[in-house]
Amino acid sequence: MINITFPDGAVRSYEKGTTALSIARSISEGLAKKVLAASVNGEVFDAHRPIEEDALLRLLTWNDAEAKSTFWHSTAHLLAEAVEAQFPGVKFWVGPAVEQGFYYDMDLGDKKMTEEDLAQLEKKMAALAQQDSPYQRIEIGKEEAIRFFTEKGDEYKLDLLQGLSDGEITFYKQGNFTDLCRGPHIPSTAPIKAIKLTSVAGAYWKGNEKNKMLTRVYGISFPNQKELDAYLLMLEEAKKRDHRKLGKELGIYTMDDDVGPGLPLWLPNGTVVIEELEQLAKETESAAGYKRVVTPHIAKESMYLTSGHLPYYADSMFPPMEMDGEKYYLKAMNCPHHHKIFDAEPKSYRELPFRIAEYGTCYRYEQSGELFGLMRVRCLHMNDAHIYCSKEQFFDEFKAVNEMYLKYFKIFGIDKYVMRLSLHDPEKLGQKYVNEPALWLETEAMVRKVLVETNTPFVEVQDEAAFYGPKIDVQIWSAIGREFTLATNQVDFNSGLKFKLSYTNKENTPEVPLIIHRAPLGTHERFIGFLLEHYAGKFPLWLAPVQVKVLPISDKFLDYAHQVQQLLKDAGIRAETDDRGEKIGKKIRDTELMKIPYMLVVGEKEMNEQQVAVRRQGKGDLGTQPIGEFVAMAKQEISSRKSE
RNA sequence: GCCGUUGUAGCUCAGUGGUAGAGCACUUCCUUGGUAAGGAAGAGGUCGUGAGUUCAAUUCUCAUCAACGGCUCCA
C-alpha cells in the first residue's frame, strides 16, 4: 500500500501501482471524467500511469494550467496523426504546447501545406478525436526506438534519440500514430471536442537560421465549442486594440512605400502625443538633475570603431555614406555622441554624477521580416540619457533611475510588466560580450543589489546583456501577445575605457567613470505603440491629441461654439469644433469613435446661460456647467496627468 | 534574411480573361435637429509595380516592392 496525500492535507491509502484516474473514480465518477492528468510529487503524470510510491497528489482538470498544456500537447499528437494520414512520408520534429495552444514542426519533403489544408486537417482531427483512442505510454529501449524510427526514415526523431539513453525513452501511441515523447498526455482523445488550426508558418530546425526550415502548424483546442468560440472572440477583441489599427483610426502615424519600410510618419495627432511625452521627460529629468543635449544624426566610422559598436552591429546599421574619403554612419545609438560630450571638457569628481539627456533620433536597419508597426522600426526616437559616475555613486544613481521608471509606470498605470535582469553568458566572452570577466560579475552584483534592496521583483536571464554590460529590461506584451522590451537601464563598464573617459578624483588622479545608459520611456515609437494598446486608444486627457470637441446642436450656435473653443484654446486646451451640418447624435457618435475625452454640447440653453453640456467619452452625459468651471476642471485634470 | 499568405476608391471589403462595384468617409443641396448613424445627388480607382502568355490581363504565369502570420534577430 502507498499513502496518497491530497492538497487539503488528507491522506489515504491505495494499492501500489494505482493510478490518478482510479483514485479520482474512488472519489466520484464525475471527477474521474474531468481528470486530464495528475501532479504527482510535483511531476505531471498521465492519469493512468501507475503511482508506485507515497505521493502528494493533485488531480488536474481543465482549469489547471498543467492540464491545459497536457491537453494541447495531446492535441499536437492528434494533429500529427492527421497530417500523417494526409501527407504520407512526413517527418516530425517536435510538437509542444505553448502558452495558448500548441504547434508541431514537420518536414513535408517537397510537399507544401497551405492554409486551405488546415480546414481538412481540422476535420480529420475531429474525426480521430471522436474515436476515443487512448494515449498509451510505452517504455522502450534505445535500440528498439532507433530501429523504429530508422524504419520510418525519420531522421529528426533519430536526432532527438541521440541525446537520450535507455530508461528515459518513452513512446506514446494513439490510434495509428506513435511518437517519441516524454509525455504526459490526457487519458484519451475524446475530451478534445473543439479544434482550431490557426496558422501554418516556417520555423528553422532547432531555431537556427542556418538549418533547414520546417513547416510549423499552430493550433489550439478546447473541451467544448463554447470555449473555442470565446477564445476566437477574445482574439478579435485583441485585434481591435492592435496599435497598428488604432494608429490608423486615430490619425497617429502612417507608413508610406516611398518613404520606406519601418519609417513611420507621425501625423499631427501622433505628434501631440510625442510632444507631451517629451514634456514629461524634460520635467522629470530636469528635476532629477539631468542636463539636455543635442547631437547630430551621423558620425564618422572612427567613432563607431572606438565604441566597438561597428564590429558588433554593422549588419543592423544603415550602410555608410562616403564623403571626402570618410565614411559616415547614421547613428544607431546615442551613446558615443554623449561620451564625446562628457569628454569635451575636463571633469572633476565634483561634477559627477554627470547626467545628460536627449530624445535621440536613431536609425537601425532591422531585417525586413522583423518590422512590426511602431514596435519595431528603422527610425526611432529614444528617451536616452547617460549618467557618468564613480563606483561609489553607482548604487544611488542606479536606484534613482529605477525609481524614475516606477514613477513613470505609475503615471501611465503600467502594471503588467516584468523586470528582467539581463546577464552575460561566460561562454560568449570575447564574442558577444566584451572580455572582462571580473567586471561583468562585479557590475552584475551591483545591479542585483539595487533590485534586491529596493524590493523590486525581477527575473534573471542569462545571455541577454548588452555587449558592454548588464542591464535591466522592462518586458511588456502587445495586444496580440508579442513580447517587447519597453524600457532599458544598463550599466556600462567598458565605454569609459574605450573612449578614454576620465575625471579627476579627490586624490588628483584620473579615474574612469562608470556609465549608466537608461531609457525609461523607451522610444517614442514603441512607447506610443504600447500606450495605444494599453489605453485601447482612449488616451488620458493630458495625452489626448484632441482633448475637447465642441458640438453645436445646429449651426445657429456655431458662433457660441467657436467662442467656447477659443476660451479653451486660451486656457491651453486642445479643442476643436464640429461645424458639420450633422445632427447632434451623429456628431456625438463620431466624436466617441475618435475617443476624444470631452464633448461639449452647446445649444440655445447653454448659449443663453454661458454654459456647456459636458459629455465624457465612454461615460455619457455629465450635465451642464458654466464654461469657466469646466475649463478649470479640465486644466486640473491635464496638469495632474491623471490616468482617470 | 527565411517559410507561408495577401495587395481592388481615403477606410473596410465584394467581383471578373472582354479595361470595375458596395458600405463608411469626402463634396453639394435639403433638413436646424438636444446626447452613439436624417435624406438626396455628386465626385473619387491606369485593380501595388514591371515583364510574359493571349486577339484581349485587374483576373493566368514570372519577377519585384510592401503588408500580414510565424522563424531568426533586437544596442
Side-chain angles (χ1 to χ4, degrees), chain A residues 103 105 108 112-118 198-218 242 244-245 248-249 254-258 260-262 304 307-310 312-313 315-317 331-336 362 364-373 375-377 380 382 384 432 464-469 471 473 480 482-485 488 490 492 495 517 519 526 551-558 580-593 599-606 613-624:
Chain A
Y103 67 79
D105 280 352
L108 296 166
K112 273 185 184 166
M113 189 180 293
T114 67
E115 292 187 5
E116 282 159 34
D117 294 317
L118 296 186
T198 45
S199 69
V200 49
Y204 297 111
W205 184 42
K206 296 186 177 180
N208 186 331
E209 62 181 320
K210 293 194 175 69
N211 285 345
K212 179 166 183 174
M213 184 156 271
L214 304 177
T215 301
R216 174 175 296 180
V217 178
Y218 281 92
D242 190 315
R244 293 166 297 184
K245 183 172 161 66
K248 178 172 277 186
E249 287 170 358
T254 190
M255 301 278 194
D256 188 286
D257 280 0
D258 275 338
Y304 295 110
S307 72
H309 282 104
L310 210 46
Y312 282 96
Y313 300 113
D315 284 351
S316 40
M317 289 176 76
K331 69 173 169 184
M333 65 295 293
N334 306 299
C335 330
C362 300
R364 297 178 179 180
Y365 193 78
E366 305 287 3
Q367 291 188 48
S368 60
E370 293 162 349
L371 300 173
F372 182 74
M375 304 301 252
R376 197 76 182 274
V377 292
L380 44 100
M382 201 188 292
D384 214 352
K432 198 173 165 186
E464 289 286 348
F467 74 84
Y468 44 66
K471 57 179 178 169
D473 290 321
I480 57 166
R482 265 200 222 195
E483 183 178 352
F484 290 93
T485 300
T488 179
Q490 315 174 347
D492 181 352
S495 299
H517 304 238
R526 194 170 285 181
L551 310 178
I553 296 283
S554 79
D555 51 17
K556 279 195 281 191
F557 314 107
L558 206 48
R580 299 174 303 165
E582 297 287 351
K583 287 193 181 175
I584 193 66
K586 171 76 164 162
K587 291 182 183 179
I588 286 172
R589 177 181 157 80
D590 290 346
T591 314
E592 286 277 349
L593 290 176
M599 283 150 269
L600 300 182
V601 176
V602 295
E604 182 147 26
K605 183 164 159 274
E606 290 76 16
V614 182
R615 184 185 165 100
R616 177 89 210 200
Q617 202 275 344
K619 291 198 177 145
D621 195 349
L622 300 183
T624 305

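Values below: all heavy atoms of this structure, side chains included; hydrogens, waters and symmetry mates excluded. Below, chains carry the letters A, B, ... as their sequence lines are ordered, and counting in each starts from 1.
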Which residues pass the side chain to side chain donor-acceptor pair (under 3.5 Å) test with [X], not counting sequence neighbours?
{"X": "T488(A)", "value": "D473(A), Q490(A)"}
{"X": "H517(A)", "value": "H386(A), D492(A)"}
{"X": "K432(A)", "value": "D463(A)"}
{"X": "E209(A)", "value": "none"}

Tell me what [X] touches on the nucleic acid: a base, only sugar-phosphate, or nothing, going by heavy atoms under 4.0 Å.
{"X": "R216(A)", "answer": "sugar-phosphate"}
{"X": "K471(A)", "answer": "sugar-phosphate"}
{"X": "Y365(A)", "answer": "nothing"}
{"X": "Y218(A)", "answer": "sugar-phosphate"}
{"X": "K112(A)", "answer": "sugar-phosphate"}

TODO: Identify, with sequence neighbours excluded, every residue that meets ring-ring contact (aromatic ring centres under 6.0 Å, His included) alongside Y204(A).
DONE: none
Open item on the list: Once side chain to side chain contact (heavy atoms under 4.5 Å, CB included) is applied, do any residues pair with D258(A), and if so which ones, sequence neighbours excluded?
Closed with: D256(A)
Open item on the list: Going by side chain to side chain contact (heavy atoms under 4.5 Å, CB included), name the residues that satisfy it together with S316(A), two or more places apart in sequence or in a different chain.
Closed with: Y313(A)
Task: Intra- and inter-strand pairs of RNA chain B in dot-bracket (Watson-Crick or G-U wobble, both distances under 3.5 Å; | for another strand) - done: (((((((..((((....[..)))).(((((.......))))).....(((((..]....))))))))))))....
TODO: Could you tell me how the ring of F372(A) sits relative to the ring of F484(A): parallel (under 30°), tilted (30 to 60°) or perpendicular (over 60°)?
DONE: parallel
TODO: Provide the start and end nucleotides, 5' to 3', of the part of RNA chain B that has atoms under 4.0 Å from heavy atoms of chain A.
DONE: rG1(B) to rA75(B)
